[in-house]
Amino acid sequence: MKWNKLNRLCRRALVPLLAIPLLALPHTAGAAEDQAGTETGAEASELQVIQEVLDYLDAYNIEGVKREELLENAIRGMVYSLDDPYSDYFTAEELKEFENSVNQEFVGIGVTLRFSGNKLFVTEVLPGSPALASGLQKGDVIAKIDGQPVTGNEDILRIQGEENTKVVLGITRGGKAQSITVTRNPVSIPAVTGSYLPSGRIGYIAISSFSEKGDREFAAELDKLRGMGMRSLVLDLRDNLGGYVETAANIAKYFMKSGTLMYTSGQNNELEAVTISDGQDIGMPVVILTNELTASASEILTGALRDNGIASVVGTRTYGKARIQNVFSLSNGSSLKLTVQRYLTPNREDFNHVGLKPDIEVKNNAVAQLITGLYKGGARTLDISGSPAALSVNGVPFRGYIDTLKDGNNIYVPSRMIGALLKGNVAWTASGQKLTVTDGNGKTAGFSVGAKSVKLVNGETYVEIHQVANKFPALTWSYQQGNIRLSCK
């Protein structure tokens, strides 16, 4: 099946139930009208029963339920009985919200936030946002919201609100308190961001959603990085819950001149190949970063680049959503979102509810995944710096953070990050409460809870940095006021 058929049938793919789903190409209401003219006697009888129920309710119900509400609930009941988490019914208003979320358009102040260590950190201020105009900065700690203290992660909800309303934020910056008033307004989150590491000529592109403009944003970022001298690419699809299939396919064209994007099948269960024939070879090594929230259209692109021998995959298993939906427009202005196809990777792998397995598995630590991906992309040495609100690699800012634990003179850092920086791995033995760190040369060292060289917090192990550096002299580090800097020669 060629790309034009994909464009007709499934222009947009849906992401999992736990996230914002994405659209398929709507069919017109006329399609339903044409079908109505060919109803069989049995179908007409079924519709007659529904009409009879509506008439009786109109004539006799004493609950005051409007006919429109009855119809809407009846439709939702039919859809929910499918036991399909990806099928749904949208009113016109819900459809608009749905489309806005796909394109990452929201009302807010335009920041990303993280609650850690009893503090609410500003981790990013979006370009052109109300927060930026009001003077809010990355690294600010929000202590109060509208005069009320911040005590937990749920306080983030109090920053949200209607368009043109104001929120007063009491922040601390450099140890000094101040108040900033921000007016909530529409905010558009870029789908594509990028960075460049000159030392290894490594380009980095993160795609947060396959929005309508995502392919154009990707093309612009790719051209910019090529112009800077990029020789390898790390493509970050972590936490990307999906998007338009067309956008994913257009991005795939920048990696492969021709080949199979995926296989699809409908009610007849016959597989049809969706192919690309007018693309271009990327001409450089590619590494894809994935995690358990890499889903839907992200899995289409990951599977296509992996199975066509273009990219290696680093991280954890993906979400496992191998289903495509269409959105059918109904005559009353509402829409029916319905699963119409399943899809497989070019190697015909059905990963639904299973996910795609990475080539190199790195669990439970996003910085460790990034480090491994950059090494795989050709980095020789890495200098990592971070705090609970920020992350940089070789002096280049990245999205992310590094949590540290301080206990007296002891400083504990995530063990998986240390293992990745040493180009090795870590292993935890629960029975002995012992951690084994292995570097890229095969050298091993043990650390234990009993010796106070390891801490176990929320299922993640932290290792004491003084003791690590003593056993692995290639690792250098410094620590100041919550900011850790690590490097491995």
Side-chain angles (χ1 to χ4, degrees), residues 114-123 138-141 153 172-175 362-372 374-375 379 381-430 432-441 443-489:
R114 179 174 185 255
F115 188 81
S116 176
N118 295 319
K119 293 181 180 180
L120 182 58
F121 294 94
V122 176
T123 58
K138 180 176 181 177
D140 287 345
V141 176
N153 197 59
T172 58
R173 179 187 301 163
V362 182
K363 294 182 177 180
N364 298 336
N365 190 276
V367 178
Q369 292 167 353
L370 176 63
I371 290 170
T372 305
L374 292 173
Y375 276 143
T381 60
L382 294 176
D383 189 312
I384 310 296
S385 179
S387 70
L391 173 70
S392 67
V393 180
N394 293 0
V396 178
F398 280 80
R399 289 182 180 177
Y401 56 87
I402 301 176
D403 284 331
T404 56
L405 305 174
K406 198 167 186 304
D407 186 357
N409 293 324
N410 290 334
I411 300 168
Y412 298 84
V413 296
S415 65
R416 292 184 186 276
M417 184 184 69
I418 294 296
L421 196 57
L422 292 170
K423 299 183 181 179
N425 55 67
V426 298
W428 171 250
T429 305
Q433 297 286 283
K434 182 179 179 180
L435 180 78
T436 302
V437 177
T438 304
D439 69 9
N441 297 318
K443 178 182 176 180
T444 64
F447 306 87
S448 68
V449 172
K452 296 185 178 180
S453 57
V454 176
K455 281 185 179 290
L456 183 63
V457 180
N458 297 326
E460 184 172 0
T461 54
Y462 289 72
V463 62
E464 209 285 315
I465 192 62
H466 294 88
Q467 299 190 43
V468 173
N470 286 338
K471 296 181 179 181
F472 296 97
L475 182 71
T476 59
W477 66 278
S478 64
Y479 178 86
Q480 186 175 11
Q481 296 181 342
N483 190 87
I484 187 80
R485 183 174 180 179
L486 300 155
S487 182
C488 186
K489 298 178 181 180

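The residues of the chain are indexed from 1 along the displayed sequence. Because the structure is a prediction, the values reported are computed rather than measured.
A donor-acceptor pair is defined here as one N or O able to donate and one able to accept, closer than 3.5 Å; such a pair exists between the side chain of Asp439 and the backbone of Asn441. The closest donor-acceptor contact from the side chain of Lys406 to the backbone of Gly408 lies under 3.5 Å. For the pair Thr461 (side chain) and Ser415 (backbone), a donor-acceptor distance under 3.5 Å is absent. Judged by distance alone, with hydrogens and angles left aside, the side-chain atoms of Tyr375 form a donor-acceptor pair with the main-chain N or O of Leu421 at under 3.5 Å. In this structure, Glu464 contributes its side chain and Val454 its backbone to no donor-acceptor pair below 3.5 Å.
Residues Val141 and Lys119 come closest through the heavy atom pair CG1-CB, 4.0 Å. Residues Phe447 and Val437 share a closest heavy-atom pair of CE1-CG2, 3.7 Å. Nearest heavy-atom pair, Tyr401 versus Pro388, reported as atom, atom and distance to 0.1 Å: CB-O, 3.5 Å. Residue Gly419 comes nearest to Val426 through the heavy atom pair CA-CG1, 4.1 Å, listed as atom of the first residue, atom of the second, then distance. Nearest approach of Asn409 to His466, heavy atoms of both residues: O-CE1, 3.2 Å. Across Lys138 and Phe398, no two heavy atoms sit closer than the pair NZ-O, 4.3 Å.
Rounding to the nearest 0.5 Å places CD of Glu460 at 9.0 Å from CG of Leu405. In this structure, CG in Leu486 is found 8.0 Å from OG in Ser478, a value given to the nearest 0.5 Å. If you take CD on Gln369 and CD1 on Ile371, they are separated by 10.5 Å, rounding to the nearest 0.5 Å.
In this structure the side chain of Ser385 reaches within 4.5 angstrom of the side chain of Asn483, judged on heavy atoms. Counting heavy atoms from C-beta on, the side chains of Val413 and Trp477 never come closer than 4.5 Å.
Residue Ile465 is tested with Leu475, Asn410, Thr404 for a side-chain contact (heavy atoms from CB on, under 4.5 Å); the sole match is Leu475.
Residues meeting the side chain to side chain donor-acceptor pair (under 3.5 Å) test with Asn470, sequence neighbours left out: none. Every residue two or more places apart in sequence or in another chain was checked for a side chain to side chain donor-acceptor pair (under 3.5 Å) with Gln433, and none qualifies.
Between Asp407 and Lys452, none of the side-chain N atoms (NZ, or NE/NH1/NH2) sits under 4.0 Å from a carboxylate O, so this pair counts as no salt bridge.
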